Amino acid sequence: MKLDIPGVGELSIKTLILDLNGTLSVGGGLVDGVKERIGQISVLGIKVVLFTGNTRNDADELADRLSIEWRLAKTAEDKKRLTEQLDPNECASVGNGLIDAEMMGIVRLGIVTLQAEGVHSATLSKADLVVPTINDALDLFIDPQRLIASLRK
């Protein structure tokens with residue numbers, strides 16, 4: 001996805017990195033509407049990947065259900081290292097916890113969600129955008145005019 005953001009310049013996103021606990025799932029349950037939205041984003045040619053510590057041992061099942069790959073990331077440093085392997089200048093990330101802060105600091109576009117499990121202040125300070133839910137975050141990629149409206153100067 002390539003966008004021309006007025007007053008900012010070009011934004012190119014090839015990979016969308018998603019956090020699991022507190023982001024895609026809340027209290028262990030996948031948020032309604034996520035599967036359909038990830039399917040739409042994949043059709044647009046954006047690679048979707050899940051970084052998780054697999055706290056609930058459900059990453060295999062969820063990644064299969066969502067038709068995306070996942071990578072084990074037990075620490076903030078793990079997430080940062082994995083992001084660096086993907087060309088962070090063409091990555092967006094969505095997360096909420098302290099474990100996501102380092103990743104948010106190096107991606108081209110960092111988005112935090114304010115869902116029931118909360119957002120850590122360090123992660124919030126490194127994000128570019130804040131949205132209420134994961135579905136709102138995913139909708140930014142499905143309807144990129146929303147991104148343009150939020151990011152323009």
Side-chain angles (χ1 to χ4, degrees), residues 1 3 11-144 146-147 150-151:
M1 170 173 71
L3 302 173
L11 172 70
S12 178
I13 302 296
K14 291 184 179 178
T15 306
L16 175 58
I17 304 165
L18 302 173
D19 172 57
L20 179 55
N21 295 304
T23 304
L24 288 183
S25 68
V26 176
L30 188 66
V31 174
D32 288 339
V34 164
K35 180 178 176 21
E36 296 78 14
R37 285 172 172 86
I38 288 177
Q40 289 177 292
I41 291 168
S42 295
V43 168
L44 296 173
I46 299 171
K47 179 182 180 175
V48 181
V49 63
L50 175 64
F51 288 0
T52 179
N54 201 19
T55 304
R56 296 178 182 266
N57 294 314
D58 56 357
D60 282 326
E61 183 267 323
L62 286 173
D64 284 345
R65 194 166 146 203
L66 298 172
S67 299
I68 61 174
E69 69 178 86
W70 76 276
R71 297 183 187 170
L72 185 63
K74 290 191 172 278
T75 66
E77 186 58 36
D78 289 344
K79 284 194 176 190
K80 182 180 178 187
R81 179 181 43 78
L82 290 168
T83 300
E84 289 170 339
Q85 294 171 4
L86 295 173
D87 187 4
N89 291 322
E90 293 189 323
C91 290
S93 67
V94 182
N96 69 310
L98 181 57
I99 194 171
D100 300 312
E102 295 300 313
M103 175 178 62
M104 290 283 171
I106 64 170
V107 294
R108 178 66 175 90
L109 178 64
I111 304 169
V112 296
T113 60
L114 297 173
Q115 297 175 137
E117 293 184 18
V119 62
H120 195 280
S121 61
T123 305
L124 183 63
S125 72
K126 291 188 178 187
D128 299 295
L129 292 175
V130 179
V131 295
T133 71
I134 182 60
N135 287 328
D136 294 314
L138 297 173
D139 286 345
L140 294 171
F141 298 92
I142 295 167
D143 179 5
R146 294 178 183 200
L147 271 178
S150 293
L151 296 174

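These values consider heavy atoms only, across backbone and side chains, with no hydrogens, waters or symmetry-generated copies. These numbers were taken from a predicted model, which means no experiment stands behind them.
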Within residues 57-66 or reaching into it, pairs that qualify as salt bridge (charged side-chain N to carboxylate O under 4.0 Å, His left out) - sequence neighbours excluded: Glu61-Arg65
Separation of Phe51 CZ from Arg81 CZ (nearest 0.5 Å): 9.0 Å
Shortest non-hydrogen contact from Leu86 toward Val49: CD1-CG1, 4.2 Å
Qualifying residues under side chain to side chain contact (heavy atoms under 4.5 Å, CB included), relative to Leu44, sequence neighbours excluded: none
Would you tabulate the side-chain donor-acceptor contacts of residues 131-140 under 3.5 Å, counting partners in other chains and residues two or more places apart, or write 'none'?
from	atom 1	to	atom 2	distance (Å)
Thr133	OG1	Asn135	N	3.4
Thr133	OG1	Asp136	N	3.1
Thr133	OG1	Asp136	OD2	2.8
Asn135	OD1	Arg37	NH1	3.3
Asn135	ND2	Asp32	O	2.8
Asp136	OD2	Thr133	N	3.3
Asp139	OD1	Arg37	NE	2.7

Results of side chain to side chain contact (heavy atoms under 4.5 Å, CB included) for Ser150 - residues two or more places apart only: Leu129
Flag side-chain contact, heavy atom, 4.5 Å: Leu20 against Arg56: no
pair Trp70-Asn54: side-chain heavy atoms closer than 4.5 Å: yes
Interatomic distance, Leu24 atom CG to Ile68 atom CD1 [nearest 0.5 angstrom]: 6.5 Å
Point-to-point distance, once rounded to the nearest 0.5 Å, from SG of Cys91 to CD1 of Ile13: 7.5 Å
Minimum side-chain heavy-atom gap Leu18-Ile38 below 4.5 Å: yes
Lys14: partners by side chain to side chain contact (heavy atoms under 4.5 Å, CB included), with sequence neighbours left out: Glu90
Shortest non-hydrogen contact from Lys74 toward Gly53: NZ-O, 3.7 Å
Contact summary for Leu66 and Val34, nearest pair of heavy atoms: CD2-CG1, 4.3 Å
Rounded distance [0.5 Å steps], CG in Leu82 versus CD in Glu77: 10.0 Å
Value rounded to 0.5 Å, distance of CD in Gln40 from CD1 in Ile142: 4.0 Å
CG on Leu50 to CG on Leu62, rounded to 0.5 Å: 7.5 Å
Shortest non-hydrogen contact from Gly27 toward Glu117: N-OE2, 2.7 Å
N/O donor to acceptor pairs below 3.5 angstrom from side-chain atoms of residues 94-114, sequence neighbours left out:
from	atom 1	to	atom 2	distance (Å)
Asn96	OD1	Thr23	OG1	3.1
Asn96	ND2	Gly118	O	2.8
Asp100	OD1	Lys79	NZ	2.5
Asp100	OD2	Asn96	N	3.0
Asp100	OD2	Gly97	N	3.1
Glu102	OE2	Lys126	NZ	3.4
Arg108	NH2	Glu10	O	3.3

Derivation and outcome, side-chain contact (heavy atoms from CB on, under 4.5 Å), residues Asp78 and Leu72: CA-CA 8 Å; Asp78 289 344; Leu72 185 63; over 6 Å; no
